[in-house]
Student: 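Handing you a structure now.
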Amino acid sequence: MKKRILALAGVLVLVAVLIVPMVVLAAVNDATQTASTSKADAINIRAQDYTTAVADITFPEGAPGATVSDPSNDQPETQILGAEGTAKPVVTLVNTSAVAYTVWYNIEAFSEGVVSSENYVIIAKGGECLNADAITESATLDGSDHVCTGTITTIAATGDGGEADERDLYLKITLSALAGKTGTSTLTILGES
Amino acid sequence: MLKRHCIKIRGCHCEPKAWQSHIRNRQHIKLLVVALLLGLLFIPASAALATSVDRLSLCNLEGCPGDAVEAKITLEGTDLEERSGYWYTHYKEVEGDDDRMDITSWIAIEPEEYTIREGETKVFTIKVKIPGDAGPGLWGATSEEAGVAGHSDERRTYIIFKDAITGGNVYSGLLIPVSVKVVGKPSPLAPAIKFVKENIMVTALVVVIVVLIVVLLRRGKLRKAS
């Protein structure tokens, strides 16, 4: 009996000795695979040429209570309202990422309370924006992030055949009743994949 | 006269054929210069780019109540000009949400503010401190699919970075959804159980060997006793 047990134990030890290297060998016998993803750029805010960066937007002086719809960027280029081919946005939005984005906006209240309301509209590249009434979407001047509203609320991935990776942004403000004041604010365009 | 001119200008003795070749070469050079100048007109100005990020979601982070879960996220400056910006949290409130959706108070981003130049990369640490009394399940989103592109409706809690050309007032940035899967406290025997599961064959053999040795030793003792 003792011999049998010893023989069985010996066989089991032998099996263990054989199995361990097999397990190790199986573990190292892995193939290496490589994959990569591109980085995601934020939406670019650019001038009317869809190329040059824009740092500032400025609205010209107006009478208290007036609607101002001819802001300019720092290139300097002024927003022009008109038919397709004539209209020029104050800034353009360009997506250089390989993913499409839902567009969000964030507009802070103007300091000194000089602006009572702000409107925006995002349209297709080179589209018409006939007059101030066409700038329909109401912005909330609370500094909070909001999903853009309107017909166009997204920007396609870069290289989109229909140029949907490039958008035009038009702005207008209504000045408050305060006279002789200058105020500043910030505009933010965010993307969500 | 042409020959003389050639001598005068170049100080060399050119034959008529060589002179004609020389004239052709000069015409070619002129054409080349004109073509280069025209070409320069059509080279577009280098396009400005916004800041890029290495991940678009931080969903389904796992942790136990009381744990602090950390994740890294990297921004890369791609604009020709320096940009200044900051990180912040955002809760997208939707009617009917329960208290599991807003986890902005759990999140800290270090550092919060930054400036970034073209080609520069900056790594940020997102720390999610799970409260000790958080129940198991998903927090910050309505579904584990929230991290998939286009699943905006399922997201509630975000981190956001935004920046502008330093001194400018026009910002751009991205919303990055965050969600956490809170799991129950693990058993203290969990590492041992995991080891046994991963090495089941070897463990079984060791157990059998040990049992046989014990049986052998006991038999030996019994024989000695008898």
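Every chain is numbered from 1 and lettered A, B, ... according to where its sequence line falls, protein lines coming before strand lines.
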Student: Would you compute the distance between atom CD of A:E192 and atom NZ of B:K92 and round it to the nearest 0.5 angstrom?
Tutor: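 Result: 5.0 Å between the selected atoms.
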
Student: Less than 4.5 Å apart, side chain to side chain, heavy atoms only: is that true for A:Y101 and B:L174?
Tutor: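 Sidechains of B:L174 and A:Y101: in contact.
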
Student: Would you mind checking which part of B:R155 comes under 4.5 Å of any heavy atom in chain A, side chain (CB onward), backbone (N, CA, C, O), both or neither?
Tutor: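 For B:R155, side-chain heavy atoms alone lie under 4.5 Å from chain A.
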
Student: Run A:R46 and B:L49 through side chain to side chain contact (heavy atoms under 4.5 Å, CB included) and show every step you take.
Tutor: CA-CA 9 Å; A:R46 294 183 178 172; B:L49 294 169; 3.4 Å; yes

Student: If only atom types and distance count, is the side chain of A:D56 paired as donor or acceptor with the main-chain N or O of B:G168 below 3.5 Å?
Tutor: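 Judged by distance alone, no pair lies under 3.5 Å.
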
Student: Specify which of A:D74, A:T188, A:V147 makes the most heavy-atom pairs with chain B at under 4.5 Å.
Tutor: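 Top option by heavy-atom pairs under 4.5 Å: A:T188.
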
Student: So do A:V99 and B:L56 actually touch side chain to side chain, heavy atoms under 4.5 Å?
Tutor: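 B:L56 vs A:V99: side chains touch.
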
Student: Using non-hydrogen atoms only, which part of A:N73 is less than 4.5 Å away from chain B: side chain, backbone, both, or neither?
Tutor: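 Interface part for A:N73: neither.
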
Student: Give, as side chain, backbone, both or neither, the part of A:S185 having an atom under 4.5 angstrom from any heavy atom of chain B.
Tutor: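 For A:S185, the backbone is the part near chain B, not the side chain.
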
Student: Might you point out which heavy atoms bring A:A42 and B:A50 nearest each other, and give the distance in Å?
Tutor: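 Closest heavy-atom pair between A:A42 and B:A50: O-CB, 3.4 Å.
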
Student: Can you tell me which of A:V94, A:T184, A:D41 forms the most heavy-atom pairs within a distance under 4.5 Å of chain B?
Tutor: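 The residue among A:V94, A:T184, A:D41 with the greatest pair count is A:D41.
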
Student: Using the side chain to side chain contact (heavy atoms under 4.5 Å, CB included) rule, take A:N106 and B:K162 through it: C-alpha gap first, then chi angles, then the decisive distance, then the call.
Tutor: CA-CA 11 Å; A:N106 172 325; B:K162 69 176 189 181; 3.8 Å; yes

Student: In terms of side-chain heavy atoms, does B:Y91 have a donor or acceptor partner in A:D145 at a distance below 3.5 Å?
Tutor: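 Judged by distance alone, the side chains do not pair up.
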
Student: Under 4.5 Å heavy-atom distance to chain B, tell me which part of A:I43 shows up: side chain, backbone, both or neither.
Tutor: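 Contact with chain B: backbone only.
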
Student: Tell me, for B:V215 versus chain A, whether the close heavy atoms (under 4.5 Å) come from the side chain, the backbone, both or neither.
Tutor: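 Looking at B:V215, just its side chain touches chain A.
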
Student: Quick check: does any side chain N or O of B:N169 sit under 3.5 Å from a backbone N or O of A:I57, one acting as donor and the other as acceptor?
Tutor: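 Yes: the side chain of B:N169 pairs with the backbone of A:I57.
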
Student: Take atom NZ of A:K39 as the centre, draw a 6.0 Å sphere, and report whether it contains more than 12 heavy atoms from other residues, nucleotides or ligands.
Tutor: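 No, because the 6.0 Å sphere around NZ of A:K39 holds 12 heavy atoms or fewer from other groups.
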
Student: With a 4.5 angstrom heavy-atom cut-off, could you sort out which part of B:I160 is near chain A: side chain, backbone, both or neither?
Tutor: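 When you check distances to chain A, only side chain atoms of B:I160 fall under 4.5 Å.
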
Student: Of the non-hydrogen atoms in A:I45 and B:Y171, which two are nearest, and what is the gap between them?
Tutor: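 Scanning both residues, the minimum pair turns out to be CD1-O, 3.1 Å.
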
Student: Less than 4.5 Å to any heavy atom of chain A: does that hold for the side chain of B:T51, its backbone, both, or neither?
Tutor: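 Contact with chain A: backbone only.
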
Student: Distance from A:S193 atom OG to B:R55 atom CZ, nearest 0.5 Å?
Tutor: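 One gets 12.5 Å once the value is rounded to the nearest 0.5 Å.
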
Student: Using 0.5 Å steps for rounding, measure from the CG atom of A:L190 to the OG atom of B:S172.
Tutor: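 With rounding to 0.5 Å, CG (A:L190) is 8.0 Å from OG (B:S172).
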
Student: If you count heavy-atom pairs under 4.5 Å with chain A, which of B:D163, B:L175, B:V208 comes out on top?
Tutor: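 If we count pairs closer than 4.5 Å to chain A, B:L175 comes out on top.
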
Student: Output the residues of residues 123-140 of chain B for which the shortest heavy-atom distance to chain A is under 4.5 Å, in residue-number order; output 'none' if no such residue exists.
Tutor: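 Not one residue of residues 123-140 of chain B has a heavy atom under 4.5 Å from chain A.
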
